[in-house]
Amino acid sequence: MLSEKDKEFISRSMKIETKSIFDKFNEPEVSDHKEELEMAISVFLKAIYDQNESGAVHDMFSCEDSPAESLINRYAYDLSDKFSKQAVKEVLDSLRHAFCSFAFGGLHQLYTRQENEAWYPKIVLDEELKPNDIDTL
């Protein structure tokens with residue numbers, strides 16, 4: 001189960017509606033793996049917290065992953081091998097993508113790089129993105 005700190009970070013910093021995540025976890029084809037998916041989110045968040053606390057500044061023009069992205073990707077790939085249901089793998093991959101995007105470039109990257117071909121955590125912006133290049137979005 002996610003801690004209150006984690007839920008608050010997801011909703012306030014990442015602007016993700018946690019209800020969208022928990023509703024997805026409760027769907028029949030995913031619900032058997034709810035605990036593993038929640039643990040994955042906890043691991044993803046710890047990687048982001050550690051990266052932020054370290055003060056590491058990631059070069060946005062680098063082709064290398066940030067420290068948090070590397071950990072998130074590795075954990076998700078390893079966990080994905082343990083799932084037999086494609087629906088669960090797809091949910092995990094969407095979570096991986098969202099948390100990696102945030103780890104790489106914050107809220108702006110999360111919002112502008114969201115994938116909408118399949119389920120994706122619902123992002124609800126309640127403040128203006130900076131930089132605001134709305135004309136190009």
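Note that the structure is a prediction, hence the values are computed from the model and not measured.
Counting heavy atoms from C-beta on, the side chains of Val43 and Leu79 never come closer than 4.5 Å. In this structure the side chain of Val124 never reaches within 4.5 angstrom of the side chain of Ile16, judged on heavy atoms. Counting heavy atoms from C-beta on, the side chains of Lys15 and Leu107 come closer than 4.5 Å. Ile10 has its side chain within reach of Ile41: a pair of non-hydrogen atoms, C-beta onward, lies under 4.5 Å apart. Contact check for Asp65 versus Ile72: no side-chain heavy atoms found under the 4.5 Å cut-off.
The closest side-chain donor-acceptor pair between Asp93 and Tyr77, if any, does not fall under 3.5 angstrom. For the residue pair Ser94 / Glu115, no side-chain donor-acceptor distance below 3.5 Å is found, with atom types taken as modelled. For the residue pair Ser66 / Glu69, a side-chain donor-acceptor distance below 3.5 Å is found, with atom types taken as modelled.
Under the 6.0 Å cut-off for aromatic ring centres, Phe44 and Phe102 do not qualify, their centroids lying 6.0 Å or more apart.
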- Item | side chain to side chain contact (heavy atoms under 4.5 Å, CB included) between Glu29 and Val88, intermediate numbers included | CA-CA 7 Å; Glu29 63 272 5; Val88 179; over 6 Å; no

- Starting from the C-alpha separation in whole Å, work towards a yes-or-no answer on salt bridge (charged side-chain N to carboxylate O under 4.0 Å, His left out) for Asp50 and Lys46. CA-CA 6 Å; Asp50 289 350; Lys46 180 163 181 1; 2.8 Å; yes

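Counted within 6.0 Å of CD on Glu35, heavy atoms from surrounding residues, nucleotides or ligands total 12 or fewer; the atom is thus considered open. The 12-atom threshold is exceeded at NZ of Lys7, counting heavy atoms of other residues, nucleotides or ligands nearer than 6.0 Å.
The distance from atom CD of Glu53 to atom CD1 of Ile48, rounded to the nearest 0.5 Å, is 12.0 Å. From Ser3, atom OG reaches atom CE of Met1 across 9.5 Å, with rounding to the nearest 0.5 Å. Between atom OG of residue Ser31 and atom NZ of residue Lys24 there is a gap of 11.5 Å, rounded to the nearest 0.5 Å. Put simply, CD on Glu8 and CG on Asp6 are 10.5 Å apart, with the number rounded to the nearest 0.5 Å. In this structure, NZ on Lys85 lies 14.5 Å from CG on Leu92, to the nearest 0.5 angstrom. The NE2 atom of His97 sits 10.0 Å away from atom CG of Asn73, with the distance rounded to the nearest 0.5 Å.
Contact record, Gln114 with Ile123: OE1-CD1, 3.9 Å, taken as the closest heavy-atom pair. Smallest separation of non-hydrogen atoms from Ser20 and Lys122: OG-N, 3.0 Å. Shortest non-hydrogen contact noted between Val30 and Leu37 is CG1-CD1, 3.5 Å.
A continuous path of ILVMFWY side-chain contacts below 4.5 Å connects Tyr120 to Leu125, so both sit in one hydrophobic cluster.
For residues 13-35, the pairs satisfying ring pair (Phe, Tyr, Trp, His ring centres under 6.0 Å) are His33-Phe83, with sequence neighbours left out.
Under the 3.5 Å distance criterion, the side-chain polar atoms of Ser80 are left unmatched by any main-chain donor or acceptor of Ala76. Of the possible donor and acceptor atoms, none in the side chain of Gln109 sits under 3.5 Å from a partner among the backbone N and O of Phe104. Panel note: side chain Ser54, backbone Gln51; a donor-acceptor pair is recorded below 3.5 Å.
Residues forming a side chain to side chain contact (heavy atoms under 4.5 Å, CB included) with Gln86 (at least two apart in sequence, or on another chain): Lys89, Glu90.
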